[in-house]
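Bear in mind the structure is a predicted one, so any value in this text is a computation, not a measurement.
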Amino acid sequence: RKEFVDLYVNYVFNESIQKPFEDFMQGFLRGCPARRWRMFLPAELQIVLQGHTKFDWHLLEKNVTYQTYKKFDQTIRNFWTVFHKLPEEKKKMFLAFVSGSDRIPGYGVELLKFAIVDPQAENPDELYPSANTCNHILFLPR
């Protein structure tokens with residue numbers, strides 16, 4: 001029985017996936033040559049590929065720039081008050097809304113910048129917040 005279980009486990013976890021894994025590895029290495037990735041420790045490589053999973057939301061707030069707003073405008077104070085009360089998943093959804101990803105890039109939150117801009121509409125109550133994900137801009141009506 002032990003021999004059967006050992007052979008079955010080997011088949012399921014090694015032999016049955018060998019060809020698909022080799023195909024995947026060949027494609028992966030075509031775009032990401034292994035010699036360049038060897039400089040990273042496994043944890044560092046994971047951060048490079050996936051981004052950071054731990055967030056310092058207050059540091060993110062400090063990195064924001066304001067255009068046509070000032071840091072202490074009532075709209076901005078209200079925004080950050082509401083933002084910091086959101087559950088973690090909603091904050092990640094907001095990050096995805098502004099940047100296109102719910103993760104902090106590998107270079108870290110210290111260098112992640114985004115701007116909050118007043119679209120200066122005639123009737124701001126008729127506008128919803130919108131974002132330009134390429135430039136990390138949140139258009140926040142007053």
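- Of all the heavy atoms in Ala121 and Pro124, the pair that sits closest is O-CD, 3.7 Å.
- In terms of the salt bridge (Lys or Arg N to Asp or Glu O under 4.0 Å) criterion, Lys70 has no residue partners (sequence neighbours excluded).
- Salt-bridge annotation for Arg77 and Asp73: absent, with no side-chain N of the basic residue lying under 4.0 Å from a carboxylate O of the acidic one.
- Heavy atoms only, all atoms of each residue included: Thr133 and Ala96 are closest at CG2-O, 4.4 Å.
- Under a hydrophobic-cluster definition in which Ile, Leu, Val, Met, Phe, Trp and Tyr are linked whenever side-chain heavy atoms come within less than 4.5 Å, directly or via other members, Ile76 and Phe94 are assigned to the same cluster.
- Under the ring pair (Phe, Tyr, Trp, His ring centres under 6.0 Å) criterion, Tyr11 pairs with no residue, sequence neighbours left out.
- Looking at heavy atoms from C-beta onward, Leu127 lies in side-chain contact with Pro119 at the 4.5 angstrom threshold.
- Here the straight-line distance linking atom OG of Ser101 with atom NE2 of His136 works out to 8.5 Å at 0.5 Å rounding.
- The ring of Phe79 has its center no closer than 6.0 angstrom to the ring center of Tyr69.
- Using a cutoff of 4.0 Å between basic side-chain nitrogens and carboxylate oxygens, Lys92 and Glu89 are scored as salt-bridged.
- Side-chain atoms of Asn78 and Gln74 form a donor-acceptor pair, as typed in the model, at a separation below 3.5 Å.
- A donor and an acceptor atom, one from each side chain of Gln26 and Glu22, are nowhere located under 3.5 Å apart.
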Asp125 and Arg142: CA distance, side-chain angles, deciding distance, salt bridge (Lys or Arg N to Asp or Glu O under 4.0 Å) verdict: CA-CA 8 Å; Asp125 290 333; Arg142 291 189 181 267; over 6 Å; no
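- Once rounded to the nearest 0.5 Å, the distance linking CZ of Phe114 with CG of Asn63 reads 9.0 Å.
- The closest side-chain heavy-atom distance from Glu15 to Asn10 is below 4.5 Å.
- Using bins of under 30°, 30° to 60° and over 60° for the plane-to-plane angle, the ring pair Phe21/Phe24 lands in the tilted bin.
- Asn135 places no side-chain N or O within donor-acceptor distance of the main-chain N or O of Ile137, the cut-off being under 3.5 Å.
- When the side chains of ILVMFWY residues are joined at heavy-atom separations under 4.5 Å, either directly or via intervening members, Val5 and Phe13 end up in a single hydrophobic cluster.
- In this structure, the side chains of Leu140 and Asp118 stay at 4.5 Å or more apart for every pair of heavy atoms.
- Closest of all the heavy-atom pairs between Ala131 and Val98 is CB-CA, 4.1 Å.
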Stepwise ring pair (Phe, Tyr, Trp, His ring centres under 6.0 Å) test for Tyr66 and Phe72: CA-CA 10 Å; Tyr66 303 99; Phe72 296 106; 9.1 Å; no
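- With sequence neighbours left out, Asp102 forms a salt bridge (Lys or Arg N to Asp or Glu O under 4.0 Å) with no residue at all.
- By the 4.5 Å heavy-atom criterion applied to side chains, Glu88 and Trp57 are counted as neighbours.
- Residues Met93 and Ile116 do not share a hydrophobic cluster, clusters being chains of Ile/Leu/Val/Met/Phe/Trp/Tyr side chains in contact below 4.5 Å.
- Looking at heavy atoms from C-beta onward, Leu86 lies in side-chain contact with Phe83 at the 4.5 angstrom threshold.
- Between Lys91 and His84, the shortest heavy-atom distance links the atoms NZ-O, 3.5 Å.
- Here the CG-CD distance, from Asp23 to Gln18, works out to 10.5 Å after rounding to the nearest 0.5 Å.
- The side-chain heavy atoms of Thr68 and Val117, taken from C-beta on, include a pair separated by under 4.5 Å.
- Atom-to-atom distance recorded for Asn132:CG and Leu138:CG is 10.5 Å, nearest 0.5 angstrom.
- Here the shortest heavy-atom pairing between Pro129 and Phe97 reads O-CZ, 3.7 Å.
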